[in-house]
Participant: 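Have a look at the structure that comes next, please.
As a basis for the values below, the full set of heavy atoms in this structure was taken, side chains included, without hydrogen atoms, waters or symmetry mates.
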Amino acid sequence: LSAGLLRQATYTTTRLGIYSVLLERFGGADGTPPPFLAKAAMGMTAGAAGAFVGTPAEVALIRMTADGRQAPHPPNHICAHICLPKLPPGERRGYHNVFDALVRMAREEGVLTLWRGCIPTMARAVVVNAAQLASYSQSKQFLLDSGHFRDDILCHFCASMISGLVTTAASMPVDIVKTRIQNMRTIDGKPEYRNGLDVLLKVVRYEGFFSLWKGFTPYYARLGPHTVLTFIFLEQMNKWYQRLFLSA
């Protein structure tokens, strides 16, 4: 939980803050939103920046999650990270909390370990945020233009559920790559995977092509509500900010 909270406090705040600034700056003078491709580019930029800032907490979260109790037949971990088998007792790292994990990783494996898997993490964030942020903005704009919705919580809810569906489909393959690289071990002096493409090829070869989207329903059941709450809170905080500060 501590690692998950720190990840949200770094990655999510960075990406949403940058995206909101870019959306406001590059919108029309009359308040019209930028086109969809521009929104996607803004989402990519915000996602890459947020991922870089949040990678240390991400690595700690994945390692602490892998320390969980092992079941007789280890299932895939479908939560923030998928296809992550639990480690046997002898291989668990035993971090007490996220700060203990960060300190021990830096001391025992070097500071750069905190950014292990940074490239696939940023690649995932580029895909996720291009899909999530752009699809939310576009869905909201479409719902408002239909004339059946007002700019209220119902509109935000519907737009964010659509965004969650799009994001789930786009993010699951890159989530597998990122998670397995960040949690991989060295076997006989060689890393398990050479790069992200090697992860994808091995998953497809040994587990099947559609295993890249294995667990789609529970993944969406997690990501849908997460997306809904994220955007509803963001919209409300933006309204409070405009009312209390910009209009003051």
Participant: Would Glu108 and Arg63 pass as an ion pair if we require N to O under 4.0 Å?
Facilitator: no

Participant: Using the side-chain hydrogen bond (donor to acceptor under 3.5 Å, both in side chains) criterion, which residues pair with Thr167? Sequence neighbours excluded.
Facilitator: none

Participant: Do Leu114 and Val103 belong to the same hydrophobic cluster, where Ile, Leu, Val, Met, Phe, Trp and Tyr are linked whenever their side-chain heavy atoms lie under 4.5 Å apart, directly or via other members?
Facilitator: no

Participant: Verify the cluster assignment for Val203 and Phe216: are they in a single hydrophobic cluster under the rule of side-chain heavy atoms below 4.5 Å apart?
Facilitator: yes

Participant: Return the set of residues passing ring pair (Phe, Tyr, Trp, His ring centres under 6.0 Å) with Phe209 (not counting sequence neighbours), or none when no residue passes.
Facilitator: Trp213

Participant: Find the distance between CE (Met64) and OG (Ser2) and round it off to the nearest 0.5 Å.
Facilitator: 4.0 Å

Participant: Going by the rule side-chain hydrogen bond (donor to acceptor under 3.5 Å, both in side chains), which residues pair with Arg116 if we only count those two or more places apart in sequence or in a different chain?
Facilitator: none

Participant: Count I, L, V, M, F, W, Y as connected when their side-chain heavy atoms are under 4.5 Å apart, and connections chain through other members. Are Leu165 and Val228 then in the same cluster?
Facilitator: yes

Participant: With sequence neighbours excluded, tell me which residues meet side-chain hydrogen bond (donor to acceptor under 3.5 Å, both in side chains) with Tyr220.
Facilitator: none

Participant: Restricting to non-hydrogen atoms, name the atom on Ala51 and the atom on Ala125 that form the minimum distance, rounded to 0.1 Å.
Facilitator: CB-CB, 3.5 Å

Participant: Checking one residue: Phe36. Which other hydrophobic residues are in its cluster under the side-chain 4.5 Å linking rule?
Facilitator: Leu37

Participant: Atom CZ of residue position Arg107 - does it have more than 12 heavy atoms of other residues, nucleotides or ligands inside 6.0 Å?
Facilitator: yes

Participant: If you compare all heavy atoms of Gln141 against all heavy atoms of Lys39, which two are closest, and at what distance to 0.1 Å?
Facilitator: OE1-NZ, 2.8 Å

Participant: Side chains of Leu102 and Leu6: closer than 4.5 Å at any heavy-atom pair?
Facilitator: yes

Participant: Return the set of residues passing side-chain hydrogen bond (donor to acceptor under 3.5 Å, both in side chains) with Ser160 (not counting sequence neighbours), or none when no residue passes.
Facilitator: none

Participant: Could you pull out all residues at least two apart from Tyr241 that satisfy ring pair (Phe, Tyr, Trp, His ring centres under 6.0 Å)?
Facilitator: Phe245

Participant: Between Val98 and Ala60, what is the shortest heavy-atom contact and its length?
Facilitator: CG2-CB, 3.9 Å

Participant: If you round to the nearest 0.5 Å, how far is CZ of Arg124 from CG of Asn129?
Facilitator: 8.5 Å

Participant: Starting from Phe26, walk the hydrophobic network (Ile, Leu, Val, Met, Phe, Trp, Tyr; side-chain heavy atoms closer than 4.5 Å) and list everyone else you reach, by chain and number.
Facilitator: Leu16, Ile18, Tyr19, Leu22, Leu23, Met42, Leu133, Tyr136, Phe231, Leu234

Participant: Please round to the nearest 0.5 Å and tell me the distance separating atom CD of Gln8 and atom OG1 of Thr13.
Facilitator: 9.0 Å

Participant: Salt bridge (charged side-chain N to carboxylate O under 4.0 Å, His left out) with Lys202: which residues, sequence neighbours excluded?
Facilitator: Asp198

Participant: Once you round to the nearest 0.5 Å, how far does CG of Leu61 lie from CG of Leu1?
Facilitator: 10.0 Å

Participant: Return the minimal non-hydrogen interatomic distance between Thr14 and Thr10, and the atom names on each side.
Facilitator: OG1-O, 2.7 Å

Participant: Scan for salt bridge (Lys or Arg N to Asp or Glu O under 4.0 Å) pairs involving residues 134-147, sequence neighbours excluded, and state none if there are none.
Facilitator: Lys140-Asp151, Lys140-Glu235

Participant: Please give me the minimum heavy-atom distance between Cys155 and Phe149, naming the atom from each residue.
Facilitator: CA-CD2, 4.0 Å

Participant: Please report the shortest heavy-atom distance between Leu143 and Cys158, naming the atom on each side.
Facilitator: CD1-CB, 3.8 Å

Participant: Nearest 0.5 angstrom please: Thr217 OG1 to Arg222 CZ, how far?
Facilitator: 15.0 Å

Participant: Do Met172 and Leu212 have side chains that get closer than 4.5 Å, going by heavy atoms?
Facilitator: no

Participant: What is the distance from atom OH of Tyr11 to atom CZ of Arg15, rounded to the nearest 0.5 Å?
Facilitator: 4.5 Å

Participant: Val126: what forms a side-chain contact (heavy atoms from CB on, under 4.5 Å) with it, not counting sequence neighbours?
Facilitator: Met44, Ala48

Participant: Between Ser163 and Gln132 (side chain of the first, backbone of the second, donor and acceptor by atom type, cut-off under 3.5 Å), is there such a pair?
Facilitator: yes

Participant: State, yes or no, whether a side-chain contact exists between Ser211 and Tyr206 at a heavy-atom distance under 4.5 Å.
Facilitator: no

Participant: Would you kindly confirm whether Leu5 and Val53 end up in one hydrophobic cluster when ILVMFWY residues are joined by side chain heavy atoms under 4.5 Å apart?
Facilitator: no

Participant: May I ask whether Val199 and Tyr219 are part of the same hydrophobic cluster, defined by side-chain heavy atoms of I, L, V, M, F, W, Y residues being less than 4.5 angstrom apart, directly or through others?
Facilitator: yes

Participant: Checking side-chain polar atoms at under 3.5 Å, does Arg104 have a donor or acceptor matched by the opposite partner on Tyr95?
Facilitator: no

Participant: Count the heavy atoms belonging to other residues, nucleotides or ligands that lie under 6.0 Å from CD of Glu24, then report whether that count exceeds 12.
Facilitator: no

Participant: Got a sec, which hydrophobics cluster with Leu197, joining ILVMFWY side chains under 4.5 Å apart, including via others?
Facilitator: Leu201

Participant: Keeping the roles fixed (side chain from Ser137, backbone from Ala134), state whether a donor-acceptor pair exists under 3.5 Å.
Facilitator: no

Participant: Is a side-chain N or O of Trp115 found less than 3.5 angstrom from the main chain of Phe52, in a donor-acceptor match?
Facilitator: yes

